[in-house]
Structure formats: structure tokens, C-alpha cells
Amino acid sequence: MTIGQAKRSWSARFVVLIPYVWLLALFLAPFAIVAKISLSQTALAQPPYQPLLDLAAGWHGLKDFAAHLSFDNYAMLGSDWLYWLSYLKSLQVAAISTIILLIIGYPMAYGMARASRRLQPMLVMLVVLPFWTSFLIRVYAWINILQHDGLLNEALLRLYLIDAPVAWLASDTAIYIGVVYSYLPFMVLPLYATLEKMDHTLLEAAADLGCPRWKSFWRVTVPLSLPGVAAGALLCFIPICGEFVIPDLLGGSETLMIGQTLWTEFFSNRDWPVASAIAVALLGLLLVPIVFYERLQQRAIEGTR
Amino acid sequence: MAGGAADKPVLVRFDGVVKRFGVVTAVDRVTLDIAQGEFFALLGPSGCGKTTLLRMLAGFETPSEGEILISGHEISAVPPHKRPVNMMFQSYALFPHLTVEGNIGFGLRQEKVGRAEIAVRVEDMLALVRLKGYGKRRIDQLSGGQRQRVALARALIKKPRVLLLDEPLAALDKKLRAETQFELMELQRKLGTTFVIVTHDQEEAMIVADRIAVMDQGRLAQVGKPSEIYERPNSRWIADFIGEVSLIEGTVSQTDTIATALGPLLIEESAAKAGDKVCLALRPEKIRLSEQRPAGLEINALAGTVHEIGYRGDISLYKVRLADRSLMKVALANIGGPPPFAVNDVVWLSWAPTAGVVLTR
Ligand SMILES: Nc1ncnc2c1ncn2[C@@H]1O[C@H](COP(=O)(O)OP(=O)(O)OP(=O)(O)O)[C@@H](O)[C@H]1O
Ligand SMILES: [Mg+2]
């Protein structure tokens with residue numbers, strides 16, 4: 001009996017451990033490696049940085065290794081305008097896109113939540129439908145639509161809205177179109193989830209107490225959907241900050257987003273340490289909204305108790 | 001039990017109101033007056049259309065036919081937020097993102113009422129529903145009974161002409177419910193507001209209301225004071241729905257006698273004519289039980305054997321089997337001492353002709 005219990009508690013403990021093992025193996029360990037590389041220097045070698053950690057050399061080797069680590073790469077990031085501009089560009093694209101996504105996504109989610117019960121599963125299905133096609137292919141498709149003789153220019157010309165084809169590609173506009181298109185489901189779904197859960201009698205209560213419809217939207221619906229807004233905004237903002245494919249395929253070459261800069265350092269310049277430092281710094285930057293969101297969730301959890 | 005539509009001005013009038021949802025007729029030709037200051041109850045089994053009737057008054061549903069008037073004005077064109085009625089919802093529908101104060105003051109903030117005045121009136125309301133000191137709490141930090149009182153305060157703060165309550169006490173336990181019933185009555189007397197309460201609990205309706213409308217499948221089955229409905233039901237269905245009753249089928253033979261399977265029974269003179277098929281309804285507490293046949297000719301007496309005794313604390317309900325194998329219910333108050341009868345005892349049931357009600361429907 002006691003043995004059985006001990007066994008069970010061991011297996012129970014093991015089950016609890018799995019996510020931690022997962023995090024350790026797939027997140028923490030790679031991060032530690034990246035952080036280590038970010039403190040190294042480039043070298044014409046394989047791998048292209050040093051010092052290398054040689055565990056065979058024992059304690060002495062470890063001390064030697066630690067002595068060669070430095071924060072030079074971070075100092076370099078801070079002193080070079082190129083990197084600052086990249087970070088700012090990423091934050092700008094992420095912030096503006098998130099706002100556009102909210103403006104488009106909120107009415108969509110609201111409409112879905114208000115649609116008849118029978119229609120709703122199909123509407124959700126339509127929102128996630130694009131995922132059946134590879135992300136990369138969908139972004140390539142946008143090149144087709146936005147190019148000089150693409151669908152968009154054709155349509156606008158036919159409608160006499162423009163006289164000559166507009167150069168959509170290789171511009172910020174193209175980046176915004178691509179980002180908003182790609183991330184819309186990540187905004188709509190969490191918003192829909194909160195709006196759909198909302199108790200309809202709350203709106204009746206508001207009307208009963210003298211609130212016209214438009215006012216009860218702002219007084220009741222919007223405040224109650226804030227957790228969904230926060231979830232959707234973060235779900236979009238954070239990955240957009242690190243986005244590489246969309247700006248690379250659709251954007252221009254004047255200012256690069258941080259994901260592109262990282263790619264250049266890594267693949268073109270073969271400067272692994274600087275690329276790693278960029279990644280670590282980006283993570284530090286994104287920690288701010290993540291912590292903010294955690295706080296918000298904590299408050300929500302306490303609220304439901 | 002003051003009031004009735006007669007002695008006070010009419011505040012709410014339903015005139016031939018019909019509501020259909022597709023093929024379902026939820027409310028069917030309801031014509032009803034509710035007086036100023038009345039505590040009015042809508043009573044009926046589940047699905048009979050009580051909530052629908054209330055929601056039409058609040059403005060959340062529009063009648064398919066007929067008119068609803070408040071103080072003589074037709075209100076079908078008035079949207080819910082402009083009607084002089086407030087509703088207390090069955091689920092309370094309190095705003096989870098606001099505090100107790102925020103909820104109670106919500107109605108006033110929609111009008112152009114100053115902050116200071118709102119604060120004062122919210123405090124008054126908190127005192128009225130005995131929630132002083134709870135103003136800053138969030139809704140999820142309240143018990144069920146406290147939420148119920150916040151919902152009540154929120155609906156009362158705008159001083160509505162009519163307060164609508166949809167099963168306001170359904171979520172409370174029995175004891176709290178009984179207390180709250182008396183609180184509601186006291187509140188209504190103090191404020192003089194017209195209350196319309198929906199309930200499927202007949203006891204509750206009888207306790208709180210000045211008048212009751214009993215609904216059945218969308219129609220009004222009977223409207224009257226609680227005592228009228230209990231003592232003078234107008235149909236078998238009402239007699240059966242309200243309280244305990246024994247029904248005896250028969251045919252009127254003379255103006256004061258009906259012929260039944262149990263022999264002739266004396267009745268109060270009624271509108272029924274000789275030859276009419278009728279039903280005699282007897283409340284269990286109006287029947288006496290005795291060992292011997294009671295003396296006197298002006299009384300109905302039947303012999304039977306005790307079949308079952310249901311102890312209920314204050315009373316015991318005896319089921320007595322009669323000569324035709326039917327069962328009659330008799331209630332005896334438990335006044336102390338050993339129970340007077342046991343199962344299988346032979347007993348006599350007796351009642352005065354005025355104790356029964358002759359039902360033609
Ligand atoms: N929005 C609606 N759509 C379709 N049918 C409805 C709707 N609302 C009510 N009904 C129907 O109308 C009838 C009356 O419903 P209502 O809610 O008024 O009953 P009720 O007397 O309040 O019952 P309960 O005591 O169970 O609350 C029911 O048959 C119900 O199914
Ligand atoms: Mg109801």
C-alpha cells in the first residue's frame with residue numbers, strides 16, 4: 001500500500017516535471033547557449049566564435065573560458081545607430097500594426113460573437129482557414145497581389161481610383177498589409193473568445209438602467225472585453241517585433257526590422273556573437289509587455305475568485 | 001392586503017397583448033390592469049409566459065398584438081432605456097467590472113446627475129438594503145444574498161414607476177427567502193412603488209402580493225387577491241395548482257345538492273343549473289375527522305379508512321380512502337398529544353356545505 005502510494009506519487013511528480021523538462025530542454029538550454037555566444041568574440045574558425053568551452057580541461061579551463069567572455073557586443077549594439085534604428089523600426093511596425101489589427105479585429109470578433117449560434121462555428125472556421133496554407137506561400141501570394149501589374153493595381157485602375165500603377169511593394173505599406181493580414185486570426189480569436197462568453201443580460205440591464213445601445217457598448221462590452229484585447233494585442237505585438245519573413249519579402253531596404261538585422265549578422269556577416277546579442281537584447285525588450293500581461297492576468301485570476 | 005384595481009388609479013394596462021415566437025404563442029390575449037402602488041404577482045408553471053410578459057413591459061420584447069400602457073400612454077415606441085420601469089433580473093446581471101457602488105450608481109450616471117448627489121443616493125440605497133460599508137467591494141466578493149440586495153438597490157435607485165422582479169428570490173435558500181420576502185413587502189410599503197414580481201412559487205406569491213395573476217400556457221387563468229384565488233378558484237386547474245385540494249366529480253341534482261359516486265352531497269347554492277356536470281373542490285384543512293358520524297343533517301359526512309399519514313411538522317396530511325376507492329386529503333393541526341388516528345382506522349369525514357367550491361370548468 002505505502003509502496004504503491006510512493007510509486008504513484010513518483011509518477012505524479014514525473015508528470016508535473018514534464019513541462020519543466022520541456023522548458024529546460026527546448027527553451028532555457030538554447031537560451032543559455034545563445035547568451036553564452038553573445039558574450040564571445042568572432043573568430044575565423046568553426047564554429048565562428050571563441051572562447052570555446054572545453055570541459056576536458058577541468059576547472060582551469062572553465063576559469064580561462066570565463067576570463068575571455070565580455071560584454072563588448074552589447075556595448076557595440078548600444079553605440080551603433082543601425083541597431084537602435086532597427087529596434088525602433090520593429091517597435092513602430094509592431095505598435096502600429098497592433099493598433100490596426102485591433103481596429104479591424106474588434107468589429108470582426110464582435111460581429112462573430114453576435115452572429116447566430118449555428119453560424120458561429122463556421123465563422124471561426126473561416127478565420128482559421130488561411131492556416132491550411134503555408135505562411136510563406138501566403139506572403140509570396142501578397143507579392144503577386146502587390147506587384148506592379150498585380151491584382152491590386154489592376155483593380156484600382158479598373159475602378160478609376162488611380163491613373164497609374166502604384167509601387168506597393170518594397171514599402172512600409174506593404175509590410176503593414178502583410179503583417180495585418182498574417183496576424184489577424186491571432187487578434188480575432190482571443191477577442192471572439194471573450195466577447196462570446198459575455199452575458200447578454202448585462203446589456204439588457206444596462207439598457208434597463210438608461211443606457212442607449214452605443215453607450216452600453218463603451219460602458220459594458222468594451223471594459224469586459226479588455227482581457228481579450230490584452231491577450232490579442234500581446235499575441236500580435238510580440239511576434240511582430242521579431243518578424244523577419246514579411247519585411248524581408250514585402251518591405252523596402254532603407255530601414256530594417258530587427259529580425260532582418262539579426263539575419264544579416266548571422267548569415268551574411270557570419271557574426272554569431274553580435275547576432276546572439278541582438279536576440280538576447282530583443283528578448284529583454286519584449287519582457288516588458290510580457291510582465292505587464294502577467295500582472296494583468298494575475299489581477300483577472302484574483303478577480304474571478 | 002389593501003388594494004385591488006378598484007380603489008386606486010391604474011398604472012399599467014395590458015390590452016389584448018399577444019406575443020408569438022415563431023409557432024409558439026408565449027403570451028395569449030392578456031388583458032390586465034395593475035394599480036398604482038400595488039404589489040402584483042405573476043404566478044404560473046414553468047414556460048407559461050411570465051417572463052415574456054415582464055420583458056414586454058420592460059421593453060426587451062415587442063408585443064405581436066395588443067397594447068401596453070403606462071399611466072395611459074401607449075409605450076410600444078419607447079425603447080427600454082427610456083421607460084419609467086426598472087427590472088431586477090433573475091440572474092441579477094450585476095456588472096462584474098464595477099464595484100457595489102458602481103453597480104448601484106450605474107443608472108444615475110446615465111442621467112446628468114452630479115457626482116456628489118450620486119454618492120449620497122448610493123449611500124442611502126446601501127442603507128436601505130442593509131449593505132452599509134460594502135460599497136467598495138467587487139461583486140465577486142459578495143454572497144448570493146448580498147448580490148440579490150445589490151441588484152435590488154440598483155433597480156430602485158432611479159425611483160421607477162414600476163419595479164419588475166423576475167424570480168428575485170429563486171437563488172436563495174429557504175430561510176433567507178422567507179426573510180427576504182418580508183423585507184420586500186416592507187420595502188414596497190415604505191417606498192409606495194408598484195412592484196410586479198414573477199414567481200413559480202405559489203406560497204411566495206400569496207405571502208407577498210396584494211393581487212395575483214395565475215397564468216397557464218400564456219393565458220390569464222385567474223386574477224384576484226390571494227385569498228380569493230385560494231378560497232374561490234374559478235377552475236379545476238387553478239384549484240389543483242394552488243395548494244392541496246380534493247376534487248369530487250358529480251352532477252347538479254337540485255340547486256343545493258350534487259349527485260356523486262359517493263352519494264348526494266350538499267353544496268352552497270351556485271350558478272350551476274340542475275343537470276350540469278360539476279366538480280366539488282375541498283381544501284384539506286376545511287374537512288373534519290371524527291370516529292363517529294357527526295350529528296346534524298345540514299352537513300356532509302362520508303366514511304373511509306386512513307390510507308396514509310404525512311407528517312409535516314405544523315400539520316399532518318391524512319389521505320383517506322373512501323367507498324369508491326378515491327382518496328381525500330384532510331389536514332389536521334398537530335396541537336400536541338398522541339396522534340388521534342392511525343393507518344387503517346375507520347374515520348368519518350365531515351364538512352359544511354359552504355366549505356366546498358363548485359367548479360364548472
Ligand atoms: N426568445 C425566445 N424565442 C423563442 N421562444 C421563446 C423565447 N422566449 C420565450 N420563449 C418561449 O415562450 C414560452 C414562455 O417563456 P417564458 O420565459 O415567458 O416562461 P416563464 O413563464 O418565464 O417560465 P419559467 O418559470 O420557466 O421562467 C416558452 O415556451 C418559451 O420556450
Ligand atoms: Mg421565467
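Nothing here was measured: the structure is a model prediction, and the numbers come from that model. Just so we're on the same page: letters track the sequence lines, and every chain starts at 1.
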Indicate the atoms forming the closest heavy-atom contact of B:Phe60 with A:Glu204, along with that distance. CZ-O, 3.3 Å
Flag yes if more than 12 heavy atoms outside B:Gln217 fall under 6.0 Å of its CD atom; otherwise flag no. no
More than 12 non-hydrogen atoms from neighbouring residues, nucleotides or ligands closer than 6.0 Å to NE2 on B:His81, yes or no? yes
Taking atom CZ of A:Phe244 as the centre, does the number of heavy atoms from other residues, nucleotides or ligands within less than 6.0 Å exceed 12? yes
Can you confirm whether A:Lys215 is buried at NZ, in the sense that more than 12 heavy atoms of other residues, nucleotides or ligands lie under 6.0 Å from that atom? yes
B:Phe21 atom CZ, neighbour heavy-atom count above 12 within 6.0 Å: yes
Relative to chain A, which of B:Arg154, B:Gln110, B:Lys158 shows the most heavy atom pairs under 4.5 Å? B:Gln110
Within this structure, what is the CE-CG distance for the pair B:Met87 and A:Leu209, rounded to the nearest 0.5 Å? 11.5 Å
For A:Tyr20, does the OH atom sit with more than 12 other heavy atoms under 6.0 Å from it, leaving out its own atoms? no
Neighbour count above 12 (heavy atom, 6.0 Å) for B:Arg109 CZ: yes
Is B:His97 close to A:Pro223 at the side-chain level, that is, under 4.5 Å between some pair of heavy atoms? yes
With a 4.5 Å limit on heavy-atom distance, are the side chains of A:Asp208 and B:Phe106 in contact? no
Under 4.5 Å from any heavy atom of chain A - which part of B:Phe95: both
Value for CG (B:Leu94) from CG (A:Asp199), rounded to nearest 0.5 Å, stands at 10.5 Å
Whatever's closer than 4.5 Å to a heavy atom in chain B on A:Arg213 counts as neither
Sort by residue number and list every member of residues 92-111 of chain A having a non-hydrogen atom under 4.5 Å from chain B. none
State whether the number of non-hydrogen atoms from other residues, nucleotides or ligands found under 6.0 Å of B:Glu111 atom CD is greater than 12. yes
